[in-house]
Colleague: 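So that we are looking at the same thing, I have put the structure below in structure tokens.
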Amino acid sequence: MLEDLAHIGRDPATGGYLRDAWSAADMELREWFWGEARRRGLDVREDRNGNLWAWWGDPSRRPGVVTGSHLDSVRQGGAFDGPLGVVSAFAALDLLRERGFEPSTPLGVACFTDEEGARFGVPCLGSRLLTGVLDPARALALTDDAGESLAEVLRRRGRTPEGLGVDPVTLAHVGSYVELHVEQGRGLVDLDAPVGVASAIWPHGRWRFDFHGQANHAGTTRLEDRDDPMLAYAAKVLAAREAAVRHGIVATFGKVRVSPNNANAVPGLVSAWLDARGAGEEAVRALVAELAEGADVREESWTPIVEFEPLLRDRIAEAAAQTPGSGAVPVLATGAGHDAGILAGAGVPSAMLFVRNPTGISHSPAEHAEADDCAAGVRALANVLEELCR
Ligand code: GLV
Ligand code: MN
Ligand code: MN
């Protein structure tokens, strides 16, 4: 299945993926999901927020156990962040059928829309809308780099923007959610383990900083006459790094937009996005407050700490450890955001399995997982689903 997806949205120059939500690549990935679901005789549907659900069994009669992830990517992302969870969900379902397992609880495969927030800036858009933590009016007004709003994009894709928002009926189908994901750091490599279980997701957020100045000629304007916002931006980048070290957290300006973006002009405006995360909310908030002093800042998203339910976490670690080849199953916290965290925050018992990433690199074409580790992940996920659906 990963091979089937390998060409979709791939930049041949870099090997990285460009799978923005609702792009042509995303539409192709959605088609693929429908095809895989139908081929397995699953009942597939798209909810009012664009999330896809494929059911084995009827969740309107009894809430189900759901597994899955997302198919969109960051710009120039890797092949595994998202797709590994969706592919493993279908593969685990196949394995359960091969084993002759008959779930007494409905089993669902989910694909959440726009997990990365690459296009409209807010991550986990699909699960935030589903659970009601994001106001649909705010979501619809978000714009992409071309200035097109989410409402316009949805309409062009034949969707009904007016339908967006909290969806208690769909949410009630989700009795619990287990997301398998490629690990995005070096936790499992360093512990020499192919599969792990999540304990928590760090609190994290994104903030837009606007630095205003006066656009002017780069050659003729005297240094003392310049109002150059690039200088304030550069100082803020260094300040973020210094503050992150001091607070024991991480912080990055990973996206910047310069206007007018001429090599031979002092810019008039620099907009830059800060991503800050850490084990404790207070430290993250303190860093942002320091950087925001005297600056033009807007919070674009915030996700509080997620501590996965210990009982479910332990049950999952135990089921995963029954898998040949998985060895000991470490329990790790992560700095990466996931739809599982949004669902957990909305009261859905949720958990995550991680698959080792040999380099620890993610959000880059260098992201990787070995085939044997992916297979160990699928076996662990199948055991977990068997345990939860019996
Ligand atoms: C999602 O991958 C995120 O944590 O940014
Ligand atoms: Mn990601
Ligand atoms: Mn992901």
Side-chain angles (χ1 to χ4, degrees), residues 2 5 9 16-21 25-26 29 33 51-52 67-89 109-128 134 177-185 187 196 198 200-208 249-255 273-279 284 299-306 308 332-345 350-357 359-369 374 377 381:
L2 283 172
L5 298 178
Y17 286 94
L18 299 163
R19 293 169 170 173
D20 272 15
D26 192 35
L29 292 160
F33 184 95
N51 305 306
L52 302 175
T67 182
S69 192
H70 60 98
L71 293 172
D72 66 307
S73 76
V74 292
R75 310 254 165 96
Q76 300 293 343
F80 297 88
D81 177 358
L84 185 62
V86 178
V87 160
S88 298
V109 177
C111 171
F112 287 98
T113 197
D114 201 353
E115 192 276 345
E116 299 287 5
R119 183 167 188 176
F120 297 103
V122 178
C124 298
L125 210 59
S127 56
R128 282 185 211 271
L134 179 63
Y177 179 60
V178 182
E179 179 165 355
L180 178 147
H181 206 280
V182 67
E183 209 218 345
Q184 296 175 281
I201 296 178
W202 285 1
H204 59 281
R206 296 182 190 180
W207 293 265
R208 175 183 169 145
I249 62 173
V250 294
T252 306
F253 280 97
K255 174 175 169 179
W273 282 260
L274 172 76
D275 181 303
R277 316 181 188 211
V284 180
E299 181 172 293
E300 292 203 335
S301 70
W302 171 252
T303 309
I305 188 164
V306 175
F308 290 111
L332 317 157
T334 179
H338 301 284
D339 296 301
I342 304 298
L343 294 182
S350 300
M352 292 192 72
L353 284 173
F354 293 129
V355 169
R356 172 167 54 193
N357 173 345
T359 58
I361 295 176
S362 187
H363 284 182
S364 146
E367 177 184 274
H368 188 63
C374 294
L381 180 61

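Counting convention: from 1, in listed order, for ligands and their atoms alike. These values consider heavy atoms only, across backbone and side chains, with no hydrogens, waters or symmetry-generated copies.
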Colleague: Which atom names give the shortest non-hydrogen contact between Gln184 and Ala336, and what distance separates them?
Modeller: OE1-CB, 3.0 Å

Colleague: Ignoring hydrogens and geometry, is there a side-chain-to-backbone donor-acceptor pair from Glu367 to Asp81 under 3.5 Å?
Modeller: yes

Colleague: Distance-only, no hydrogens or angles: does the Arg75 side chain make a donor-acceptor pair with backbone N or O of Ala118 under 3.5 Å?
Modeller: yes

Colleague: Quick one, His363 with Glu116, criterion side-chain contact (heavy atoms from CB on, under 4.5 Å). Give me CA distance, side-chain angles, the key distance, then yes/no.
Modeller: CA-CA 10 Å; His363 284 182; Glu116 299 287 5; 3.4 Å; yes

Colleague: Counting N and O atoms only, with roles assigned by atom type, does the side chain of Thr113 sit under 3.5 Å from a partner on the main chain of Asn51, one being a donor and the other an acceptor?
Modeller: no

Colleague: Give me the ring orientation class for His181 and His338: parallel if the planes are under 30° apart, tilted from 30 to 60°, perpendicular past 60°.
Modeller: perpendicular

Colleague: Identify the protein atoms, limited to N or O, that lie within less than 3.5 Å of an N or O atom of ligand 1, and list each pair with its distance to 0.1 Å.
Modeller:
unit_1	atom_1	unit_2	atom_2	d
ligand 1	2 (O)	Glu116	OE1	3.2
ligand 1	2 (O)	His363	NE2	3.0
ligand 1	4 (O)	Arg277	NH1	2.7
ligand 1	4 (O)	Arg277	NH2	3.3
ligand 1	4 (O)	Gly337	N	2.6
ligand 1	5 (O)	Arg277	NH2	2.9

Colleague: Under the side chain to side chain donor-acceptor pair (under 3.5 Å) test against Thr303, which residue among Arg128, Arg277, Arg206 passes?
Modeller: Arg128

Colleague: For the Mn ion (ligand 2), find the closest N/O/S atom on His363 and give its atom name.
Modeller: NE2

Colleague: Using modelled atom types and a 3.5 Å cut-off, is there a donor and acceptor pairing between side-chain atoms of His70 and backbone atoms of Asp72?
Modeller: yes

Colleague: Could you go through Phe112 and Tyr177, starting from their C-alpha distance and side-chain angles, then the distance that decides it, and tell me whether this counts as ring-ring contact (aromatic ring centres under 6.0 Å, His included)?
Modeller: CA-CA 12 Å; Phe112 287 98; Tyr177 179 60; 5.5 Å; yes

Colleague: So, at under 2.8 Å, which protein N, O or S atoms would a careful student list around the Mn ion (ligand 3)?
Modeller: His70 NE2, Asp81 OD1, His181 NE2

Colleague: Apply side-chain contact (heavy atoms from CB on, under 4.5 Å) to the pair Glu179 and Asp339, showing each step before the final yes or no.
Modeller: CA-CA 8 Å; Glu179 179 165 355; Asp339 296 301; 4.0 Å; yes

